[in-house]
Amino acid sequence: MATTPSGTSPSAPADERTATTLPSVYVPADVEGPLYRRWVERGYFTPDQGDGDNDGAGGGTATGEPFSIVIPPPNVTGSLHIGHALDHTIQDTIVRRRRMQGYDTLWLPGMDHAGIATQNVVERELRKDGRTRHDVGREAFVQQVWEWKEASGGQILGQMRRLGDSVDWSRERFTMDEGLSRAVQTIFKRLFDDELIYRAERIINWCPRCHTALSDIEVEHQDDDGELVELIYGEPDGPSRIVVATTRVETMLGDTGIAVHPDDPRYAHLIGTEVELPLVGRRIPVVADTHVDPEFGTGAVKVTPAHDPNDFEIGQRHGLASINVMTPEGTITGTGTAFDGLDRFAAREAVLAALREQGRTGAEKRPYSHAVGHCSRCDTVVEPRLSLQWFVATRTLAEAAGDAVRDGRVRIHPTEMEGRWFAWVDNMHDWCISRQLWWGHRIPVWYGPDGEVVCLGPDDTLPGAGPDGTPPAGWTQDSDVLDTWFSSGLWPFSTLGWPDSTADLERYYPTSVLVTGYDILFFWVARMMMFGLYAMDGVPPFDVVVLHGLVRDRHGKKMSKSRGNVVDPLEWMDRFGADALRFTLARGANPGADQAISEEWAAGSRNFCTKLWNATRFGLLNGASVNGPLPPVDRQSVVDRWILSRLATVTAQADAGYEDFQFAKTTDLLYHFVWDEVCDGYLELSKLPLATGGEPAAVTRRVLGEVFDVVLRLLHPVIPFVTDALWTELTGQESLVVAAWPEAEPKYAGRPVDAPAEDEVGALQRLVTEVRRFRADQGLKPGQRVAGRITGLDATGLAAHEDEVRALARLSAPPAGFTASATLTSGTVTVELDLSGAIDLGAERRRLDKDLAAAIRERTQAQAKLGNPQFLAKAPADVVDKIRDRLAVAESEVQRLRAALESLPVG
RNA sequence: GGGCCUGUAGCUCAGUGGGUAGAGCGCCGCGUUUACACCGCGGGUGUCGUCGGUUCGAGCCCGGCCAGGCCCACCA
């Protein structure tokens, strides 16, 4: 860490060693800020461009193979929320491991201009002064948004530094910067020329509050309570009477027809006739269309081509007129009735009342729950509305996006998510890309005085334009801007310099991994796939898509301001440290699944960091060394061999877990290895040889160093701060950020498992637990030393471990004339204790009874299986053998426990 | 309307070549054992939603049902 010199001299003899200056409690705030600044200053996050040498001197082993990730660009209006924290933790973990593995690693940061969201922010500021954007004017307004962006936008970037994101700040991009704007215009032109972008009058989703068209996925369907009412068209009492049902009464003002099913006998006589539209007085035709379901409602449908997608198509088929009866604000207009000027919902009431007055409402009027579209930005009820808009023809693009996954060129992780992918890309409608906003990429299409339509590329000018770009007289540019997702769909290649052929594009495209929440699979990932395949000659923009879930509150409920259960990652970083937040999120990150988090988890993660801190501190205080080769096996104790064997296994498992994006599983593995095996196991056992001194202590110090060295490396991708602070202290080297990944070094890869050592230490630990349990039952305090005699260790193969058993079980040597007052038998080992005072025979009996019951249960189960001829005949031999062994063990346990119970004095 | 997912210890969740049910937190008892009380030692904790099927054997495979959740959707 910054404030402490690397004071430990690992090779110094125990009695001369310098105590570490690490304090006894890890204080993240003292470490994180300075450390992050140092990482950036040293240029660790800037890739090597293939020169094979990391910028830092810290032992990087870059092979120069590129590895790249582009960040999902957060909204420029945004600040770091818990979902970002998860998303970034996963990406940083992936990236940091690759960097340690020696890849030429690029994690590219940036922000999205977030059309509607950002425009709303600045409009809200204007509203404080009672102004609208129209008062300001387009150019000045856009200028004002830019100023806002420079002044207040992008606070999330600072928050990313807090989190420890190892992004290359020198390559930061913005979806509206000059280069990306060029990319947008280039691909628009290309799609336009390929007739994959077109302008058409269609029914689109219109938000009357945002005053803009929306794409289908920007509409959220909710089940709202409405009313299905029947309206009587034609003559209320005459032969032309026809009853239609609707939930949107006000749209009847724009009706231009009535549709019935061609085979419906009820209406056969009316097909081809015209009936009167009430209130308006227009004569509208009755048409036959198979789309109508005779079973639903009255079997007759009012047709409003300008306000309903189905009706629009019916209208197209039958040549019906489209009459738009609403303003962009959603008020009735142009109907020539008294309803003009009414808001759509007021009109709904008013029209119904007027019809009722005329006796034109049918019998049936019932509450009706049905899906109603809402604007995903402002929740306003979306109005389907006929409108002239720009569209991307998605059929061929979506097909290619589907195929890329289908044929395995792009993997989706976890694979269960592929179903969603195909369901969507295989059924995609054309994408409405024009927005009636001012903040965004303006559509590069110009209209001439004589109906000319010209699409300009970034380097094109209109024929006859002035030298400064002033358009010729009579020409105007399309006033709309593009959907925000249009530019973010180019992100994996526009950020690398496309459409120019840059070195970055050549080297880092396609990107390696794309990490994001499953909630924006369609919004973003699908668009990147379509555009990437299209623009980059069929090369998909990434090799694998890693989808994570949503972060929820402690009870698995969605976080929301109204519920008051929102977790602020910044607050948690203040309280628990950035590493603790990251560790918590990684530990909950099961592939594709949502996770519930709570303060208790964060506190647990903080505790783990502290545990790691203190364990390493123990190592440093005891002269843990990373210098020189490991002592040869014949100089290692069995305890050393055990922990090194476990270390090798855990290293391989952790490496494989990271490789497969199993962050929850991998962090859990490391957590338990560090806490249970290293701290509770090896550290406690190491205290003996360290106290002994000499050769045993020297070997132990080297092994301790080895264990911490590797463990810190393995954890560094997830908890970079505390591990780097400890590792530099331990090794005296510059930084863990550019240290080698264990499994990438031959020294660590594929080290063999030392099964005998693992078995021996396992037996030792079981025996110690047994004695401790006995002691606890007898009411002895855990730390209290008790005289004891141990016999029978030889037969268990633990002959050499009496000292360890004594140390861990707090048994002192039996004095002369020792008499035991309590006896514990475990397997062949007998431990006799001198308990001053009477032993608790009741507790002892209860313990033995419980164990006996368990042993008998065990024996009964095994006997039942082995007594089943079917089992013996059909089960595999190894399973049968295992059950036989189990029976033998259970049998001897039963005998042993019975003997022990019988030998208990009658209390 | 279509599709998908989940239901395992008090809570949140792991647990796919079917072969003795796990973790964290919480809980109970004991405790200054010179790395750590953000700790140590010991301990209990479950008709694996429900009914049935396949199998020598099912938390895991198959089917029905019940209960939650999600996504998609142009039936007025």
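By convention in this document, chain letters (A, B, ...) are assigned in the order of the sequence lines, proteins followed by strands, and residues within each chain are numbered from 1. Model, not experiment: these values are computed from the prediction.
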A.B. asks: Name the closest nucleotide to the Arg772(A) side chain, picking from G42(B), A35(B), A76(B).
C.D. replies: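 From the listed options, G42(B) comes nearest.
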
A.B. asks: Which atom pairs link the protein and nucleotides 26-28 of chain B when you take only N or O atoms and keep those under 3.5 Å?
C.D. replies:
none

A.B. asks: Relative to Tyr518(A), does Arg420(A) satisfy both conditions: NZ or CZ under 6.0 angstrom from the six-membered ring centre, and within 45 degrees of the ring's axis?
C.D. replies: yes

A.B. asks: Below 3.5 Å is the cut-off: list the nitrogen or oxygen pairs between protein and nucleotides 12-21 of chain B, distance only.
C.D. replies:
{"from": "A14(B)", "atom 1": "O5'", "to": "Asn590(A)", "atom 2": "ND2", "distance (Å)": "3.4"}
{"from": "U20(B)", "atom 1": "OP2", "to": "Arg886(A)", "atom 2": "NH2", "distance (Å)": "2.8"}
{"from": "U20(B)", "atom 1": "O2", "to": "Glu858(A)", "atom 2": "OE1", "distance (Å)": "2.6"}
{"from": "U20(B)", "atom 1": "O2", "to": "Glu858(A)", "atom 2": "OE2", "distance (Å)": "3.1"}
{"from": "U20(B)", "atom 1": "N3", "to": "Glu858(A)", "atom 2": "OE2", "distance (Å)": "3.3"}

A.B. asks: Counting only side-chain N and O atoms of Thr769(A), is one of them less than 4.0 Å from OP1 or OP2 of G42(B)?
C.D. replies: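 Yes, such a contact exists.
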
A.B. asks: Will you find, in the side chains of Thr860(A) and Gln863(A), an N or O donor that is under 3.5 Å from an N or O acceptor?
C.D. replies: no

A.B. asks: Identify the nucleotide, in any strand shown, that forms a Watson-Crick or G-U wobble pair with U34(B), with both distances under 3.5 Å; if there is none, say none.
C.D. replies: none

A.B. asks: Classify Ala664(A) by what it touches in the nucleic acid, base, sugar-phosphate, or nothing, heavy-atom distance under 4.0 Å.
C.D. replies: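 Counting heavy atoms under 4.0 Å across all strands, no contact is made by Ala664(A).
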
A.B. asks: Can you tell me how far C1' in C39(B) sits from the matching atom in U34(B), rounded to whole Å?
C.D. replies: 14 Å

A.B. asks: What's the closest nucleotide to the Arg617(A) side chain, out of C36(B), C70(B), A76(B)?
C.D. replies: C36(B)

A.B. asks: Looking only at heavy atoms, which two atoms of Leu547(A) and Pro414(A) are closest? And how far apart?
C.D. replies: O-CD, 3.8 Å

A.B. asks: G40(B) and C71(B): how far apart are their P atoms, nearest whole angstrom?
C.D. replies: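 42 Å, rounded to whole Å.
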
A.B. asks: Would you measure the distance from the C1' atom in U12(B) across to the matching atom in C27(B) and give it in whole Å?
C.D. replies: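 Pairwise C1' distance, U12(B) against C27(B), rounds to 16 Å.
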
A.B. asks: Measure CZ/Phe522(A) against P/C4(B) and give the value in whole Å, please.
C.D. replies: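 That distance rounds to 14 Å.
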
A.B. asks: With both distances kept under 3.5 Å, what pairs with G59(B), Watson-Crick or G-U wobble?
C.D. replies: none

A.B. asks: With a 3.5 Å limit on both atom pairs, tell me what G1(B) is paired to, counting Watson-Crick and G-U wobble, or say none.
C.D. replies: C72(B)

A.B. asks: When the ring planes of Tyr26(A) and Trp613(A) are compared, do they come out parallel, tilted or perpendicular, using 30° and 60° as the limits?
C.D. replies: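 Rings of Tyr26(A) and Trp613(A): tilted, as their planes differ by 30° to 60°.
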
A.B. asks: Where do Ser605(A) and Thr584(A) come nearest, in terms of heavy atoms and distance?
C.D. replies: OG-OG1, 2.7 Å

A.B. asks: Nearest heavy atom decides the nucleotide; on that basis, is Arg810(A) or Ala300(A) closer to the 5' end of RNA chain B?
C.D. replies: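 Looking at RNA chain B, the more 5' nearest nucleotide goes with Arg810(A).
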
A.B. asks: What is the separation between atom CG on Leu620(A) and atom P on U34(B), rounded to the nearest whole Å?
C.D. replies: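 Distance check: Leu620(A) CG to U34(B) P gives 20 Å.
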
A.B. asks: Need the pair for G7(B). Rule: Watson-Crick or G-U wobble, both distances under 3.5 Å, any strand; none if unpaired.
C.D. replies: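 Across any shown strand, G7(B) pairs with C66(B).
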
A.B. asks: So what's G22(B) paired with, Watson-Crick or G-U wobble, going by both distances under 3.5 Å?
C.D. replies: C13(B)

A.B. asks: Check this for me: does the side-chain of Glu684(A) come within 3.5 Å of the base of A35(B) through a donor and an acceptor?
C.D. replies: yes

A.B. asks: Check nucleotides 37-40 of chain B against the protein and report each pair of N or O atoms closer than 3.5 Å, with its distance, or say if there are none.
C.D. replies:
{"from": "C38(B)", "atom 1": "O4'", "to": "Asn607(A)", "atom 2": "OD1", "distance (Å)": "2.9"}
{"from": "C38(B)", "atom 1": "O2", "to": "Arg606(A)", "atom 2": "NE", "distance (Å)": "2.8"}
{"from": "C38(B)", "atom 1": "O2", "to": "Asn607(A)", "atom 2": "OD1", "distance (Å)": "3.3"}
{"from": "C38(B)", "atom 1": "O2", "to": "Thr610(A)", "atom 2": "OG1", "distance (Å)": "2.7"}
{"from": "C39(B)", "atom 1": "OP1", "to": "Asn607(A)", "atom 2": "ND2", "distance (Å)": "3.2"}
{"from": "C39(B)", "atom 1": "O3'", "to": "Lys611(A)", "atom 2": "NZ", "distance (Å)": "3.0"}
{"from": "G40(B)", "atom 1": "OP1", "to": "Lys611(A)", "atom 2": "NZ", "distance (Å)": "3.0"}
{"from": "G40(B)", "atom 1": "OP1", "to": "Trp675(A)", "atom 2": "NE1", "distance (Å)": "2.6"}

A.B. asks: Roughly how far apart, to the nearest Å, are G44(B) and G7(B) at atom C1'?
C.D. replies: 25 Å

A.B. asks: Between G3(B) and C65(B), how far apart are the P atoms? Round to whole Å, please.
C.D. replies: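 These two P atoms come out 14 Å apart once rounded.
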
